[in-house]
Amino acid sequence: AGDLVATPMNDPVCGADGLSLDGNNDYADIDDWTWGGTTSIEAYVKCDSFNNWGQVFNFRNGASSDSVYLNNHGTTSTINWNVLQGPTNKYLSTSNWDSSTWTHVVATVS
C-alpha cells in the first residue's frame with residue numbers, strides 16, 4: 001500500500017541518467033492516486049530542444065481540468081508552472097531552461 005508504479009510508454013530509454021524522452025510520443029504513466037494536502041514534485045530536466053509546449057510532467061483528471069503541469073512556453077525556453085482547478089487557472093511563467101544543461105526543478109502545490 002502506498003506504492004506508485006510508473007510504466008514507460010512508447011519505448012523511452014531508461015539509463016544511468018534516468019528516463020530519456022525523445023519529445024515525440026513517449027512518457028511514463030503513473031498509477032492513479034488521490035491528491036491530499038501540500039504536494040511537491042521534483043525532476044531533473046535537460047532539454048536538448050524545445051518542442052511546442054513540451055511537457056516535463058502533466059498530472060490531470062480530464063482533458064483540460066484539474067491539472068498540475070510544468071512545460072516550456074510554446075517553442076521558447078520560458079518555464080511555465082500551471083495549476084488548473086476546474087475553471088480556475090493559477091499560472092506562473094518564469095525564467096528559462098538552459099539548453100543541454102541539467103536543471104533541478106521542484107514545484108509545490110497546496
Side-chain angles (χ1 to χ4, degrees):
D3 293 338
L4 288 175
V5 174
T7 304
M9 306 298 287
N10 299 321
D11 300 318
V13 177
C14 298
D17 287 336
L19 189 64
S20 180
L21 307 172
D22 66 12
N24 186 19
N25 67 347
D26 46 357
Y27 61 97
D29 184 52
I30 300 174
D31 290 345
D32 292 342
W33 80 93
T34 302
W35 289 90
T38 301
T39 303
S40 293
I41 303 154
E42 175 181 19
Y44 284 89
V45 181
K46 182 173 82 167
C47 299
D48 295 323
S49 63
F50 300 101
N51 290 347
N52 196 32
W53 302 100
Q55 296 185 359
V56 174
F57 59 77
N58 185 344
F59 301 106
R60 66 181 177 193
N61 182 18
S64 61
S65 66
D66 299 331
S67 301
V68 175
Y69 56 97
L70 181 73
N71 61 3
N72 65 289
H73 183 87
T75 57
T76 73
S77 63
T78 301
I79 300 168
N80 285 334
W81 165 240
N82 294 272
V83 177
L84 182 61
Q85 295 174 301
T88 303
N89 187 19
K90 298 175 184 175
Y91 175 90
L92 174 66
S93 184
T94 183
S95 211
N96 292 315
W97 299 109
D98 287 328
S99 181
S100 300
T101 300
W102 284 104
T103 304
H104 181 225
V105 179
V106 179
T108 301
V109 61
S110 58

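This one's a predicted model, so the numbers in the text were calculated from it and none came from an experiment.
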Heavy-atom closest contact ([X] atom, [Y] atom, distance):
| X | Y | result |
| --- | --- | --- |
| Ala28 | Leu19 | CB-CD2, 3.7 Å |
| Val83 | Asn89 | O-OD1, 3.4 Å |
| Val106 | Ser40 | CG1-CB, 4.4 Å |
| Tyr91 | Asn82 | CD1-OD1, 2.5 Å |

Rounded distance [0.5 Å steps], [atom1] in [X] versus [atom2] in [Y]:
| X | Y | atom1 | atom2 | value |
| --- | --- | --- | --- | --- |
| Trp81 | Thr94 | CH2 | OG1 | 13.0 Å |
| Asp66 | Leu84 | CG | CG | 7.0 Å |
| Phe57 | Glu42 | CZ | CD | 10.5 Å |
| Ser93 | Ile79 | OG | CD1 | 8.5 Å |
| Asp26 | Leu21 | CG | CG | 5.0 Å |

Is there a side-chain contact between [X] and [Y] in this structure, where contact means two heavy atoms from C-beta onward sitting under 4.5 Å apart?
| X | Y | answer |
| --- | --- | --- |
| Phe59 | Val109 | no |
| Ser67 | Asn58 | yes |
| Ile41 | Val68 | yes |

Indicate the ring-plane relationship of His104 and Tyr44, choosing parallel, tilted or perpendicular according to the 30° and 60° boundaries.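 Ring orientation of His104 relative to Tyr44: parallel.
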May I ask you to decide if Asp98's main-chain N or O and Asn96's side chain share a donor-acceptor pair within less than 3.5 Å?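 It does not hold such a pair.
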Within the distance-only criterion (no hydrogens, no angle test), does the side chain of Asn80 pair as donor or acceptor with the backbone N or O of Asn71 below 3.5 angstrom?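 Not at all, since once roles are kept as given, no pair shorter than 3.5 Å links the two residues.
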Test Leu70 against Val105 for side-chain contact (heavy atoms from CB on, under 4.5 Å), laying out the working first. CA-CA 10 Å; Leu70 181 73; Val105 179; 3.5 Å; yes
If you apply the rule side-chain contact (heavy atoms from CB on, under 4.5 Å), what do you find for Val5 with Asp31, and how did you get there? CA-CA 6 Å; Val5 174; Asp31 290 345; 3.4 Å; yes
Which residue, Ile30, Asp29, Asn25, Asn24, forms the side-chain contact (heavy atoms from CB on, under 4.5 Å) with Tyr27?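 So, applying the side-chain contact (heavy atoms from CB on, under 4.5 Å) to Tyr27 and each of Ile30, Asp29, Asn25, Asn24, only Asp29 qualifies.
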same_hphob_cluster(Leu92, Val45) at 4.5 Å side-chain heavy-atom cutoff: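 Yes, same cluster.
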